[in-house]
Participant: 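Pasting a structure here, questions to come.
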Amino acid sequence: MADTVKFIRSVNHNIFIIADAKRGDIGNSTEMYARTFLDNLDFDAVTVSPYMGSDSALPFLQRQGKWVIMLTVTSNKGADDFQFQKIKGSGEYLLKPLLKQVFSGEQRII
């Protein structure tokens, strides 16, 4: 993977490189994933699943000049298991409060 990123950078440094890693873990592990993909391997962005909470995304968001692609709505068959379930009482889909939280003021989220 490192060689591939280095090769792309050598051909054209302006190519935006995304690690389709689909990370989402607890704080310590997430910090190591962020360090690996964004610092060490020099990807421009990483796909992240925010369903474990804010600490599963924050280490990625703290990297200046890097981007996060949040997987809040996916097209896989299992998405119906959680993303499109309604919250009792409010009737909102589970993904709606998640989207509000994820996109509250952060500018480097795709």
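All residue numbers in this chain count up from 1 along the given sequence.
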Participant: For Phe84, look at atom CZ and say whether over 12 heavy atoms of other residues, nucleotides or ligands are found less than 6.0 Å away.
Facilitator: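 It does: Phe84 CZ has more than 12 such atoms within range.
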Participant: Calculate, to the nearest 0.5 Å, the distance between atoms NZ and NZ belonging to Lys86 and Lys96 respectively.
Facilitator: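 These two atoms lie 10.5 Å from each other.
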Participant: Are the side chain of Ser56 and the backbone N or O of Gly24 linked by a donor-acceptor pair below 3.5 Å?
Facilitator: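 Absent.
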Participant: Mark yes when over 12 heavy atoms from residues, nucleotides or ligands other than Tyr93 sit less than 6.0 Å from its OH; otherwise mark no.
Facilitator: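 Not more than 12 within 6.0 Å, no.
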Participant: Could you measure the distance from the CD1 atom of Ile87 to the CG atom of Leu94? Nearest 0.5 Å is fine.
Facilitator: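 So the gap between those two atoms works out to 5.5 Å.
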Participant: Could you list all the salt bridge (charged side-chain N to carboxylate O under 4.0 Å, His left out) pairs where at least one residue sits in residues 68-82, not counting sequence neighbours?
Facilitator: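 For residues 68-82: none.
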Participant: Answer yes or no: is there a side-chain heavy-atom contact under 4.5 Å between Val46 and Leu38?
Facilitator: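 Yes - at least one pair of side-chain heavy atoms lies under 4.5 Å apart.
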Participant: I need the Ile17 CD1 to Ile8 CD1 distance, nearest 0.5 Å.
Facilitator: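 Ile17 CD1 to Ile8 CD1: 4.5 Å, rounded to 0.5 Å.
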Participant: Out of curiosity, Phe7 CZ to Asn12 CG, how far, rounded to the nearest 0.5 Å?
Facilitator: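 Result: 11.0 Å between the selected atoms.
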Participant: Between Phe60 and Trp67, is any pair of side-chain heavy atoms under 4.5 Å apart?
Facilitator: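 Result no, sub-4.5 Å side-chain heavy-atom pair not found.
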Participant: Flag the pair Arg63 and Glu31 as a salt bridge only when some basic side-chain nitrogen lies within less than 4.0 angstrom of an acidic carboxylate oxygen.
Facilitator: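 Yes, Arg63 and Glu31 are salt-bridged.
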Participant: Asn28: what forms a side chain to side chain contact (heavy atoms under 4.5 Å, CB included) with it, not counting sequence neighbours?
Facilitator: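 Checked Asn28 against side chain to side chain contact (heavy atoms under 4.5 Å, CB included); zero matches.
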Participant: Side chains of Thr47 and Arg23: does their closest heavy-atom pair fall under 4.5 Å?
Facilitator: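 With C-beta onward as the side chain, the pair stays apart.
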Participant: According to a hydrophobic-cluster definition based on side-chain heavy atoms being under 4.5 Å apart (Ile, Leu, Val, Met, Phe, Trp, Tyr only), do Val73 and Tyr51 belong together?
Facilitator: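 In one cluster: yes.
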Participant: If the condition is side-chain hydrogen bond (donor to acceptor under 3.5 Å, both in side chains), which residues does Asn40 pass it with, not counting sequence neighbours?
Facilitator: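 None.
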Participant: In the structure I gave you, are the side-chain heavy atoms of Met70 and Pro50 within less than 4.5 Å of one another anywhere?
Facilitator: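 Of all side-chain heavy-atom pairs linking Pro50 with Met70, at least one is under 4.5 Å.
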Participant: Among residues at least two apart in sequence or on other chains, which ones pass salt bridge (charged side-chain N to carboxylate O under 4.0 Å, His left out) with Asp25?
Facilitator: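 Checked Asp25 against salt bridge (charged side-chain N to carboxylate O under 4.0 Å, His left out); zero matches.
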Participant: Taking only residues two or more places apart in sequence, or in another chain, which ones meet Asn76 in a side-chain hydrogen bond (donor to acceptor under 3.5 Å, both in side chains)?
Facilitator: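 side-chain hydrogen bond (donor to acceptor under 3.5 Å, both in side chains) list for Asn76, sorted by chain: Thr74.
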Participant: With sequence neighbours excluded, tell me which residues meet side chain to side chain contact (heavy atoms under 4.5 Å, CB included) with Asp55.
Facilitator: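 For Asp55, no residue satisfies side chain to side chain contact (heavy atoms under 4.5 Å, CB included) once neighbours in sequence are set aside.
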Participant: Enter the distance from Thr30:OG1 to Met32:CE here, rounded to the nearest 0.5 Å.
Facilitator: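 Rounded to the nearest 0.5 Å, the OG1-CE separation comes out at 11.5 Å.
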Participant: Donor-acceptor pair, distance only, cut-off 3.5 Å: does the side chain of Lys66 make one with the backbone of Leu61?
Facilitator: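 No; judged by distance alone, with no hydrogens or angles, the pair does not exist.
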Participant: Please check: side-chain N/O of Arg9 versus main-chain N/O of Asp42, any donor-acceptor pairing under 3.5 Å?
Facilitator: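 The answer is yes, because a donor-acceptor pair under 3.5 Å joins these two groups.
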Participant: For the residue pair Ile18 and Phe37, establish whether any side-chain heavy-atom pair is separated by less than 4.5 Å.
Facilitator: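 They are not in side-chain contact.
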